[in-house]
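First the structure, in the form of structure tokens, and then the observations on it.
Note that the numbering runs from 1 along the sequence shown for the chain. Keep in mind that what you see is a predicted model, and the values were worked out from it rather than measured. First listed ligand is number 1; within each ligand, the first listed atom is number 1.
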Amino acid sequence: MTPKVRKAVIPAAGLGTRFLPATKAIPKEMLPIVDVPTIQLVVEEAVRAGITDVVMVTGRNKVALVDHFDHAYELEHTLRSRGKADVADAMERISEMVRLITVRQKTPLGLGHAVLCAREAIGAEPFALLLGDDLIDNDDDPGIGQLARVYEETGAGAIAIMEVPPGREHMYGIVAGDWDDAGRLRIRQMVEKPKAGTAPSRWAIVGRYVLPPAVWPLLTDTKPGVGGEIQLTDALQGLAASDTGLYGVQVTGTRHDAGDKLGWLKANLAYALKSDELRAPLIAMLEDMVASAKKAAG
Ligand code: UTP
């Protein structure tokens, strides 16, 4: 029987250069989606899928991340003394959500390297990997839980995939293989950011994975690849070639790339449109803004 997936790695040590200067002093994973930091939404997804322990890979500026998941006694006390016990309770719940370990990635040498920094903290167990700037919005069935089920059924690694529009393949890790009867893609080929016109398919990897411990030696042996970084995709090729294999799973839910400016703006709008408080005034505001922008553009 395969063990249950209880632990997760969340890398949050990238430089976040696309969001400078916002990310000069805070990690991009702390940028809010409406009023909740992106990383909290990611941790909540993991918790809803049964994860109890999170290993967060942090770099410079880790203080805000660690503080966010810790108690803030003064704040909680002040809120209570001002009659805002409900807000204080909500703050307390964040600090009790999960057991958190942080490990340091001293130099941002790539996603593969960031994951490798969590090796000792994870040990010989399967683990979930959730990118701290990627969101999969599904209130009923968290994306990472859908992958954990595939791992628990098959013993093979599982990664979330989505079909991207033609011409956008070069922005992603791309996979190709054979579809099985359960609608999963048994991955045979993986390429990180293929050059235009060379992608083997339009199935792109999105930031959710469940990986078996067999990935560790593969990651250790991975040499720097595209951009001089240690690429996770390169190590996953070894898993795909092994007997247990690697599956691509089309997870259900809305995916937002909150590590990209437009993706982050879209995520903010999508979450705000789900809010009973914000929906109506936001729609009115957007209609006004669009009408004025169109008028100004002639
Ligand atoms: P990205 O490539 O989106 O992050 O990595 P980045 O390098 O910070 O972004 P830009 O391009 O400079 O704006 C995806 C995830 O992997 C983490 C990032 O924090 C992000 O959550 N990461 C990336 C690390 O933890 N370490 C790395 O060396 C690289």
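Contacts between Asp134 and ligand 1 below 4.0 angstrom, taking non-hydrogen atoms only, are absent altogether. The residue Glu229 has no part lying near ligand 1, judged by heavy-atom distances below 4.0 Å.
Proximity of Glu29 to ligand 1 is established by a heavy-atom distance of less than 4.0 Å. Using a 4.0 Å cutoff on heavy atoms, Leu15 counts as a contact of ligand 1.
Taking every non-hydrogen atom of Gly132 and a distance limit under 4.0 Å, the qualifying atoms of ligand 1 come out as 21 (O). Heavy-atom proximity to Pro108, at under 4.0 Å, picks out these atoms of ligand 1: 28 (O). Near Leu109, the atoms of ligand 1 lying under 4.0 angstrom from a non-hydrogen atom of the residue are 28 (O). Close approach of ligand 1 to Leu111 is summarised as follows: ligand atoms under 4.0 Å from at least one heavy atom of the residue are 16 (O), 29 (C). Each of the atoms 1 (P), 3 (O), 4 (O), 6 (P), 8 (O), 9 (O) of ligand 1 lies under 4.0 Å from some heavy atom of Lys28. For ligand 1, the atoms closer than 4.0 angstrom to any heavy atom of Ala114 are 24 (C), 25 (O), 26 (N). Interface of Thr17 with ligand 1, defined as ligand atoms under 4.0 Å from a residue heavy atom, comprises 10 (P), 11 (O), 12 (O), 13 (O). Near Gln105, meaning under 4.0 Å from any of its heavy atoms, are these atoms of ligand 1: 24 (C), 25 (O), 26 (N), 27 (C), 28 (O).
A salt bridge is absent between Arg184 and Asp178; no separation between the charged side-chain nitrogens and carboxylate oxygens falls under 4.0 Å. Between Glu169 and Lys193 there is no salt bridge, since no side-chain N of the basic residue sits under 4.0 Å from a carboxylate O of the acidic one. Under the 4.0 Å criterion applied to side-chain N and carboxylate O atoms, Arg149 and Asp141 are assigned as salt-bridge partners. Salt bridge present: Glu92 and Arg80 bring a charged side-chain N and a carboxylate O closer than 4.0 Å.
Between Tyr247 and Trp179, a ring centre-to-centre spacing not shorter than 6.0 Å is recorded.
The aromatic rings of Phe19 and Trp264 sit perpendicular, their planes meeting at an angle over 60°, well past the 30° parallel limit.
At least one N or O atom of Gly14, backbone or side chain, sits closer than 3.5 Å to an N or O atom of ligand 1. Residue Ala13 has at least one nitrogen or oxygen atom sitting less than 3.5 Å from a nitrogen or oxygen atom of ligand 1, judged on distance alone. Residue Asp133 places at least one N or O, backbone or side chain, under 3.5 Å from an N or O of ligand 1. No N or O atom of Phe19 sits closer than 3.5 Å to an N or O atom of ligand 1.
Scanning the protein heavy atoms around atom 28 (O) of ligand 1, the nearest turns out to be Gly110 N, 2.8 Å.
Between atom 8 (O) of ligand 1 and the options Pro11, Ala12, Gly16, Gly59, the minimum heavy-atom separation is to Gly16. The heavy atom nearest to atom 2 (O) of ligand 1, considering only Lys261, Met56, Arg18, is found in Arg18.
With hydrogens and angles disregarded, a donor-acceptor distance shorter than 3.5 Å links the side chain of Arg186 to the backbone of Ala240.
Distances from atom 5 (O) of ligand 1 to the protein include no heavy-atom value under 4.0 Å.
Put simply, Met190 and Leu232 are part of the same group of oily side chains (I, L, V, M, F, W, Y) that touch within less than 4.5 Å, one to the next.
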| Yes or no on side-chain contact (heavy atoms from CB on, under 4.5 Å) for Val54 and Ile101, after CA distance, side-chain angles and deciding distance? | CA-CA 6 Å; Val54 166; Ile101 297 177; over 6 Å; no
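In the model, Thr38 has no side-chain atom that pairs as donor or acceptor with a side-chain atom of Asp133 under 3.5 Å. Looking at Glu229 and His113, their side chains never bring a donor and an acceptor atom within 3.5 Å of each other. Of the N and O atoms on the side chains of Gln231 and Thr222, not one donor lies less than 3.5 Å from an acceptor on the other residue.
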